[in-house]
Amino acid sequence: LHGEFDQDTHKIPSAAAHLLRAIDDNPAQGELLRNITPLISRRIDIVGDAVRLHASGDAAGLKTLLSRTEGPAAMATIFAALDRFTDEEKRLLALRTATSRTTGALLLAIDLAGLMVVLLIALVVFRRAYLSQRALHASLADTQAAASSLAAKAQEQDADLAAAHEQLRHSADVLQNTLNSMAEGVLVIDSSDAAVFSNPAVERLLGYYPGRRLSELRAERLFFERDG
């Protein structure tokens with residue numbers, strides 16, 4: 001799409017120059033064409049920017065560009081000017097035909113044919129631009145829908161994580177209550193001889209309490225003796 005657009009737009013300057021040469025004897029028509037040339041160039045540049053932003057996947061830049069362009073109003077101005085241009089050419093054609101039925105008619109037919117070629121090229125380019133803009137709008141809508149779907153999935157995952165965390169906390173509370181209610185003492189130490197967990201029973205049986213050094217506990221109580 002980008003390559004076709006560039007190929008078609010490159011034909012516009014040479015076609016416009018040819019048309020200006022063809023109507024060199026009519027300053028009013030030349031002025032009308034020169035007045036709309038910047039607007040046509042501006043529309044082509046905007047559509048080209050939109051095509052490049054779409055090709056690069058820049059959805060935010062594309063949305064910003066589309067929100068500030070003139071859109072249908074500029075297209076209406078261009079087509080209205082082209083209609084006036086065509087109407088004036090038809091009027092001139094009628095006058096010249098009345099003046100000269102032979103050579104004049106042939107020359108004007110050639111001029112009109114050149115004009116129709118330019119108009120046809122312009123219509124093809126603008127139609128491609130219109131279809132491209134529609135496709136870009138559709139692509140932007142699809143991107144926004146995908147983003148909304150991802151946000152909904154993220155919220156669902158957050159809810160699942162919160163539920164799992166709550167279930168884990170409940171299981172930990174049940175285990176804590178179970179160990180605390182046991183008559184047997186439970187004392188868990190790690191490889192560095194630091195207490196990791198203890199229940200009330202071990203405090204009653206061994207005299208251990210949180211914060212007490214295990215070396216002190218061993219010094220006070222004899223847990224085993226070596227035979228021999």
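This one's a predicted model, so the numbers in the text were calculated from it and none came from an experiment.
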### Query
By salt bridge (charged side-chain N to carboxylate O under 4.0 Å, His left out), which residues pair with E166, not counting sequence neighbours?
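Scan of E166 (salt bridge (charged side-chain N to carboxylate O under 4.0 Å, His left out), adjacent residues dropped) gives R169.
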
### Query
Among all residues two or more places apart in sequence or in another chain, which pass the salt bridge (charged side-chain N to carboxylate O under 4.0 Å, His left out) test with D158?
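None.
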
Can you sort out the partners of [X] under side-chain contact (heavy atoms from CB on, under 4.5 Å), two or more places apart, ordered by chain and number?
| X | value |
| --- | --- |
| Q144 | K63, L140 |
| A122 | F126 |
| L112 | L93, L115, M116 |
| N199 | N180, M182, V186, F197, A201, V202 |

### Query
Roughly how far, to the nearest 0.5 Å, is CG of D173 from OG1 of T178?
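The OG1 atom of T178 sits 10.5 Å away from the CG atom of D173.
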
#### Entry: K90 NZ to L95 CG distance, which is reported to the nearest 0.5 Å
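So the NZ of K90 and the CG of L95 are separated by 14.5 Å.
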
### salt bridge (charged side-chain N to carboxylate O under 4.0 Å, His left out) partners of residues 132-155, not counting sequence neighbours, each pair once
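Output for this query is empty, none listed.
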
### Query
Apart from Y130 itself, what residues make up its hydrophobic cluster when side-chain heavy atoms of I, L, V, M, F, W and Y under 4.5 Å apart count as a link, directly or indirectly?
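Noted: Y130 shares its cluster with L131.
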
### Message
I'd like to know if the side chain of S139 reaches the main chain of A135, judged simply by a donor and an acceptor atom lying under 3.5 Å from each other, with no hydrogens or angles considered.
### Response
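No, S139 side chain to A135 backbone: no donor-acceptor pair under 3.5 Å.
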
